[in-house]
Amino acid sequence: MNGENKQLTISNPFLPEPARIVRTYYLTEDVKFFQVRVVDMDKALSFKYCPGQFAMISVVGAGEAPFSISSTPSRPGLLEFCIRKVGGVTNALFRMKENDLIGIRGPYGNGFPVERMRDKDILIVVGGLGTAPLRSVLLYCLDNRDQFRRVSLLHGAKRPSEMIFREEFFALKEREDLECHLAVDGDDTGTWTENIGVVTTLFPKLKEIDPSSTYALVCGPPVMYKFVIKEFVKLNIPKDQILMTLERRMKCGVGKCGHCAIDYIYTCLDGPVFTYWDVIHMRELI
Amino acid sequence: MEKVLAKKSFPQWVKTLSSYKIFAPIEKEDLWSYELIEKPEQINLDYLNTVLSPKKIIFPQREVYLEFFASNEEGIEVKELLPDEKPSVIFGVRPCDAKALTLTDKVFGGDFEDLYYWNRRKQTALVGLSCSTPPSPNCFCLTVDGSPFSKDGLDVLMTDLGDKYFVETLTKKGEQLVNSAKTLFKAPTEKDKKNLAKIQQDAKKKITRQVENIKKVPPQLKEMFDSPLWDEESMSCIQCGICTYLCPTCHCFDINDEIDSSSPLKGKRIRTWDNCQFPDFTMHSSGHNPRPDKASRLRQRIMHKFQYFVELYKNYQCTGCGRCISQCPVGIDIIEVLDKVSDYGA
């Protein structure tokens, strides 16, 4: 647990706090963007989180599920999520409109070690919905640009139509203080102007990096981790500077319900951010 | 504090505890279960092992913990339902089951205190009954640092001396219980003490089941993640989950909403015991499952109890009650599995 982060509900960790959907729109056919604000203004501003942490979102009557926070703590007050429609809770969320009320509790998990990442090069590799947690750390680095050295992003999606935050990332591509490479596995539109291929094919395009002072971050579908980590290792990035955020089924978020237990740790308390070093020492992580 | 209580005075003692909710084992259709007692005469302490441990009173199988309903001003109101805090006493707690609660305490404590668990736990006194005779043929408490006379987690420990109970009070809570009927309790004679020692000695001999080399299990498990043993041992498993549902130390739960009325919206959020032996337990909503087969789930059950928990808390997450062995419909026997683990590769 990150010491600086205050929980919304201190006495009873299972009590969701009312929050209002401020904006929601489709990012792709089955992924929606949600911007929410905790109704109680004091609590909204005291919701202090770290990039890489997650929150439990409730739709009363449908249930509760964990979601990565996609916004950055450098822009306090509003929380953003990108959510794929896959189950009961997300189906109910997709039916909700702006101004509707949801419940939220958190933030939970360890998040990225942003303090240790200061004054280092940051390499972010994202696949598909893995953008959700890594957008938080990317925007955090860009908002505090002078605190980090080179920032690079390799972004992969299946098809152009499945790329989330498409306009945002194309706009970021124009920034001079960010090295950004975008790819899709296949282009069914014939309009894609960037790279075609899986995200690992973007590695040769990276400018030479200084491995010992690079933090390499990855998030994507389960199958992606092994391949991307192999590339990081080829680049000689130290094992404890290779960071990944992992998905697990979770119910409580506070280390009780047992669903996300791996080895002797709980993903919700000790994760969801792990190093490659953790992966080597704890089986079942990826 | 050591006392003796005549068996015929036991109901009188219970009567003096009228400000408490009283739970004790009751026989229903050949099955023993801890239930709320209305009259002290209902209590029969000559019971065998209960189907469920008293964990079910502290951490109920199904618990409504929030209520929600549509309201005019804020749209939806969510109400927290914390357990009522009337003090309770559970009589006839087996030492293994009391010890199990000291293990679930570790999980429900920590940085995020679980109020639902602790509100009951703090208000509940545990009066144990030691096992002069093993209550199950599959008892193996001695293997996992327990004993038929273990005091871990108990407030009072009673031992059957024939026509009376030897009563040891172990905590402040326990003293309060005994003090509520001071005159019923007598000082033990030398003979009573000798009797107790003899019964304790004999009781240990009556426990026939054990894991030969339990000390070797945690370090062996560390090397056995990829072992074919898990496939072999889980082959017959039908994934009914009874092993974990009956386990006094298992604490996993699920959270779901139930709707009573959709318009106007009214419903509740409940938590129910869940089970790591089910495929759903770890399945992501995308369909990906990091623990995809029976072998990996049996491995998780054994590793959690005999390696991960040991690493975290220096205790086995097992108290040797034997329920998972007695009730497994296909005869998977955790003692046999652990014996194979300790011998593995030898």
Side-chain angles (χ1 to χ4, degrees), chain A residues 1 7 9-18 20 39 56 58-65 84-90 92 99-103 108 129 221-223 246-269 282-286, chain B residues 65-66 68-70 74-80 82 104 107-108 110-117 225-226 250-259 262 265-269 271 274-276 280-291 296 299-300 303-304 307-313:
Chain A
M1 195 56 241
Q7 303 302 312
T9 45
I10 288 163
S11 55
N12 184 352
F14 295 107
L15 198 60
E17 186 65 32
R20 207 172 282 289
V39 173
M56 300 294 299
S58 283
V59 181
V60 284
E64 205 175 31
R84 175 170 284 155
K85 186 168 156 179
V86 281
V89 178
T90 51
N99 221 27
D100 281 351
L101 278 175
I102 56 169
Y108 298 128
L129 202 55
V223 57
L246 302 181
E247 182 186 353
R248 278 296 182 278
R249 188 180 173 90
M250 290 176 190
K251 285 291 181 168
C252 75
V254 291
K256 317 285 181 218
C257 79
H259 287 83
C260 70
I262 308 168
D263 210 308
Y264 62 92
I265 56 118
Y266 283 100
T267 310
C268 67
L269 297 178
M282 267 179 286
R283 310 297 298 266
E284 253 188 351
L285 272 181
I286 61 169
Chain B
Y65 76 91
L66 297 177
F68 47 82
F69 38 87
E74 256 316 325
I76 295 160
E77 200 169 317
V78 176
K79 203 175 127 203
E80 169 186 39
L82 284 171
T104 49
V107 177
F108 288 106
D111 281 346
F112 297 93
E113 213 172 67
D114 188 303
L115 296 180
Y116 298 89
Y117 179 91
F225 193 88
D226 297 316
C250 278
H251 58 82
C252 290
F253 59 84
D254 198 5
I255 295 176
N256 285 294
D257 285 5
E258 282 184 359
I259 298 185
S262 47
L265 181 69
K266 187 175 178 304
K268 47 194 176 271
R269 181 157 294 171
R271 69 173 180 190
D274 204 351
N275 204 304
C276 63
D280 278 10
F281 188 76
T282 47
M283 186 156 0
H284 298 185
S285 38
S286 67
H288 173 75
N289 194 345
R291 213 171 282 143
S296 58
R299 176 181 65 204
Q300 171 65 16
M303 291 256 184
H304 194 197
Q307 199 229 314
Y308 308 153
F309 203 85
V310 176
E311 202 145 324
L312 271 179
Y313 301 117

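Computed over heavy atoms, backbone and side chain alike; hydrogens, waters and symmetry mates excluded.
- Ring geometry, F14(A) versus Y65(B): the interplanar angle exceeds 60°, so the pair is classed perpendicular (tilted spans 30 to 60°).
- Judged purely by atom type and a 3.5 angstrom limit, H288(B) has no side-chain atom pairing as donor or acceptor with the backbone of P222(A).
- Heavy atoms only, all atoms of each residue included: V107(B) and K256(A) are closest at O-NZ, 3.0 Å.
- Heavy atoms of V59(A) lying under 4.5 Å from chain B belong exclusively to its backbone.
- Only the side chain of E311(B) comes within contact range of chain A, with heavy atoms under 4.5 Å apart.
- Contact tally against chain A (heavy-atom pairs below 4.5 Å) for V78(B), D280(B), D254(B), N256(B): the top residue is D254(B).
- Two residues are said to be in side-chain contact when any heavy atoms from C-beta on lie closer than 4.5 Å; Y108(A) and F112(B) meet this criterion.
- In terms of heavy-atom pairs under 4.5 Å with chain A, the best-connected choice from L115(B), T104(B), N289(B), L82(B) is L115(B).
- Of the listed residues (M303(B), M283(B), H304(B)), the greatest number of heavy-atom pairs within a distance under 4.5 Å of chain A belongs to M283(B).
- The residue among S286(B), S296(B), S285(B), G267(B) with the most heavy atom pairs within less than 4.5 Å of chain A is S285(B).
- A 4.5 Å side-chain heavy-atom check between Y308(B) and I265(A) finds every atom pair outside the cut-off.
- Residues G258(A) and C252(B) approach most closely at CA-SG, 3.5 Å, considering heavy atoms.
- Here the side chain of K251(A) pairs a donor or acceptor atom with the backbone of I255(B) at under 3.5 angstrom.
- Contact of F108(B) with chain A is made through backbone and side chain together, with heavy-atom distances under 4.5 Å.
- Heavy atoms from other residues, nucleotides or ligands lying under 6.0 Å from OH of Y264(A) number 12 at most.
- Using a 4.5 Å cut-off between heavy atoms, F253(B) contacts chain A through both its backbone and its side chain.
- Closest non-hydrogen pair, D257(B) versus A62(A), comes out as OD2-N, 3.5 Å.
- The shortest side-chain heavy-atom distance between N12(A) and D114(B) does not fall under the 4.5 Å cut-off.
- For Y117(B), no part lies under 4.5 angstrom from a heavy atom of chain A.
- A 4.5 Å side-chain heavy-atom check between H259(A) and D274(B) finds at least one atom pair inside the cut-off.
- Using a 4.5 Å cut-off between heavy atoms, C260(A) makes no contact with chain B at all.
- Taking A65(A), C257(A), G63(A) one by one and counting their heavy-atom pairs under 4.5 Å with chain B, the maximum is reached by C257(A).
- By the 4.5 Å heavy-atom criterion applied to side chains, F281(B) and R249(A) are not counted as neighbours.
- At a 4.5 Å heavy-atom cutoff, the contact between E113(B) and chain A is made by backbone atoms alone.
- Within the model, atoms CZ of R269(B) and OG of S58(A) stand 3.5 Å from one another, a figure rounded to the nearest 0.5 Å.
- Under the 3.5 Å distance criterion, the side-chain polar atoms of R291(B) are left unmatched by any main-chain donor or acceptor of E284(A).
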